[in-house]
Structure formats: structure tokens, C-alpha cells
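As the structure is a computational prediction, the values presented were derived from the model and not from experiment.
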Amino acid sequence: MSSRKPHSPVAGVVPPPAFRQAILDYIRVHAQPPDKFSHQARLYHLATKLAGGRRFDDDVLFAGAWMHDLGVFVGHRPENPAALAAWDHVAYAAKEVPKVLRDLGFPREKIPAVVEVIRTHLPAAEPTCFEGVLLRDADILEQLGAVSILRTVSKVGRDTRFVRFSDALRLLRANVEKLPGRLQLPAARRLAGRRVSILKAFLAAAESEAAGNEW
């Protein structure tokens, strides 16, 4: 396992391996709708920030962050509403990601670790490695705060779970009530404070402005 080291073009510093750019290029094409692409970059940056100086395998975390949502992209998930409602995007990614990573030149010996990180990235899961904890806590933080509001509201009308704005508000309320307590890392809990405050303020303002009317 190797600790994360910043990549730099300075002479004498080893450049990032080619498979990293290949992974970015692959996800840039497959992340559909296009707004799905930005989540991966934020997630990876946030996960590395949460490490707080502890060592981790940066290749595993990088691939896990960029590949974890493969099964939610249009072209990978079912189009039929009934099939989509029952879709297990984590199982799909765990099945498909190994072949994708092999084709992109990712170190084969690290692929099982990437799959394990993806398998345990949801809030209800229990990560079995530090990289998994980093990704899971970062993904929980992405479901809190201003970013969470943007990501959730943007799904209204194009996701079977969100027919009306009230559906988005219902999920955001559940997020703020349940997710902060599932964070494992102290750094994540500290970052969650401001995000929770932002989300609570938004929900209170939305309810006040709605004045009891249906969304």
C-alpha cells in the first residue's frame, strides 16, 4: 500500500500513471447525463482530504471514486421504469468494473480492492478497508449541504424516484436526519457540521415559502 503523494510536472517527480487519464476519459464519456461527471472528481478530492495524513492506496481510492457509480449512468442502467426501480447499481459496477479497469491498464492485482471499495460505498454498508471508509464517508458528505441540494433537485422529472419537488425534499430530510450519524471519520464529522446547517436552513426556508401548499 502506498500513501497518496501529489502529482507534479516538476523535474524528478514521477508523473501520474497513464491509466488515471484513461479512467477519467472513460468516465467523461460514460457519465450521462453530463452533470453526473462532476460527482466523481469532488468525491475523490474529498476522500483524500479525509485521510488526514494516514496512509492509503491512492490507486485503489482513485479508481473506486471514479468507477463507483458506473451503474447509475444512462447506457448502463435499465431504461424500463420497473426494472430501474429494482436496479442494483452497486452489483452492476462490481461485475463490470474489473473488465473496464483491465482494459484501461489498471494494475490487475489491485482490482479486487477497488471492487471491495465500490461494494461498501453506500451509507448502510460496512467498509472492510480504510480506502472504503474514505470513499463511504466522502459519499455521505456529498449527500449533505449545498451540493446535495443541487444533485437531488436536478433529478426531479428525470428519475423515477422524483416526480415532484416534494419527493426531493423528502429525501433531503431523510439525509439530514440519518446520514451524519453514519460517518466514521472524525474529519468527516467535522465537515458535516456546516453541510448539515446549510441543508437544514434550506429545508426550513422551503417549507416556509411553500406555506403549506403542495410542491
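Contact check for Trp66 versus Val97: no side-chain heavy atoms found under the 4.5 Å cut-off. Counting heavy atoms from C-beta outward, Thr152 and Phe162 have side chains that approach closer than 4.5 Å. Proximity of Val117 to Cys129: side-chain heavy atoms (C-beta onward) are separated by under 4.5 Å at one or more points. Residues Pro123 and Gln143 form a side-chain contact, since some pair of their non-hydrogen atoms from C-beta on lies under 4.5 Å apart. When side chains are defined from C-beta on, Val114 does not count as touching Asp59, because their heavy atoms never get closer than 4.5 Å. Pro34 places none of its side-chain heavy atoms less than 4.5 Å from the side chain of Arg28. Using a 4.5 Å cut-off on side-chain heavy atoms (C-beta onward), Val156 and Asp167 make no contact. Looking at Phe130 and Leu185, their side chains come closer than 4.5 Å, going by heavy atoms from C-beta outward.
Note on Val90 and Leu179: separate hydrophobic clusters, where clusters join Ile, Leu, Val, Met, Phe, Trp and Tyr whose side-chain heavy atoms are under 4.5 Å apart, directly or indirectly. With hydrophobic clusters built from ILVMFWY side chains whose heavy atoms lie under 4.5 angstrom apart, Leu135 shares a cluster with Val72. In this structure, Leu141 is not a member of the same hydrophobic cluster as Val147, with clusters built from ILVMFWY side-chain heavy atoms closer than 4.5 Å.
Geometrically, Arg77 does not engage Tyr92 in a cation-pi contact, judged by NZ or CZ lying under 6.0 Å from the ring centre and within 45° of the ring axis.
Between Arg189 atom CZ and Arg182 atom CZ the span is 15.0 Å, to the nearest 0.5 Å. Summarising the geometry, atom CZ belonging to Arg173 is positioned 6.0 Å from atom CG belonging to Leu203; distances are rounded to the nearest 0.5 Å. With rounding to the nearest 0.5 angstrom, the OH atom of Tyr44 is 10.5 Å from the CD1 atom of Ile23. Rounding to the nearest 0.5 angstrom, the gap separating the OG atom in Ser148 from the CG atom in Leu199 is 5.5 Å. Taken to the nearest 0.5 Å, the CG atom of Leu172 stands 12.0 Å off from the CZ atom of Phe165. The distance from atom NZ of Lys36 to atom CD of Gln40, rounded to the nearest 0.5 Å, is 9.0 Å.
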Inset, instruction - Evaluate side-chain contact (heavy atoms from CB on, under 4.5 Å) for Val100 paired with Leu104, printing each intermediate quantity in order. - result: CA-CA 6 Å; Val100 173; Leu104 297 178; 3.8 Å; yes

Inset, instruction - Start with the C-alpha gap between Trp87 and Asn80, add the side-chain angles, then the distance that decides, and say whether side-chain contact (heavy atoms from CB on, under 4.5 Å) holds. - result: CA-CA 10 Å; Trp87 182 237; Asn80 177 273; over 6 Å; no

Inset, instruction - Please report the C-alpha distance between Glu131 and Glu116 in whole Å, then the side-chain angles of each, then the deciding distance to 0.1 Å, and finally whether the side-chain contact (heavy atoms from CB on, under 4.5 Å) criterion is met. - result: CA-CA 9 Å; Glu131 293 81 7; Glu116 181 63 10; over 6 Å; no

Inset, instruction - Please report the C-alpha distance between Arg20 and Asp58 in whole Å, then the side-chain angles of each, then the deciding distance to 0.1 Å, and finally whether the salt bridge (Lys or Arg N to Asp or Glu O under 4.0 Å) criterion is met. - result: CA-CA 11 Å; Arg20 292 202 174 211; Asp58 195 27; 3.0 Å; yes

Inset, instruction - Show your reasoning for whether side-chain contact (heavy atoms from CB on, under 4.5 Å) applies to Leu46 and Leu191. - result: CA-CA 10 Å; Leu46 186 54; Leu191 289 176; 3.9 Å; yes

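In plain terms, the two heavy atoms of Val115 and Ala94 that are nearest each other are CG1-CB, 3.9 Å. Closest non-hydrogen pair, Ala93 versus Pro98, comes out as O-CD, 4.1 Å.
Counting only distance, with no hydrogens or angles, the side chain of Arg136 and the backbone of Ala125 share a donor-acceptor pair below 3.5 Å. The backbone N or O of Ala204 lies less than 3.5 Å from no partner atom in the side chain of Ser208, so there is not a single donor-acceptor pair.
For the residue pair His68/His89, the side-chain donor-acceptor check at 3.5 Å is not satisfied. In this model, no donor atom of one side chain and acceptor atom of the other lie less than 3.5 Å apart for Glu126 and Thr120.
Within 6.0 Å of the NZ atom in Lys155, the count of heavy atoms belonging to other residues, nucleotides or ligands exceeds 12. Other residues, nucleotides and ligands contribute only 12 or fewer heavy atoms inside 6.0 Å of the CZ atom of Arg194.
Under a 4.0 Å N-O distance rule, the pair Lys49/Asp137 does not qualify as a salt bridge. A salt bridge links Asp57 and Lys110; the closest N-O separation between the charged side-chain nitrogens and carboxylate oxygens is under 4.0 Å. Using a cut-off of 4.0 Å between Lys/Arg side-chain N and Asp/Glu carboxylate O, Arg151 and Asp35 are scored as not salt-bridged.
Between His76 and Phe73, the two ring planes are perpendicular [angle over 60°; tilted spans 30° to 60°].
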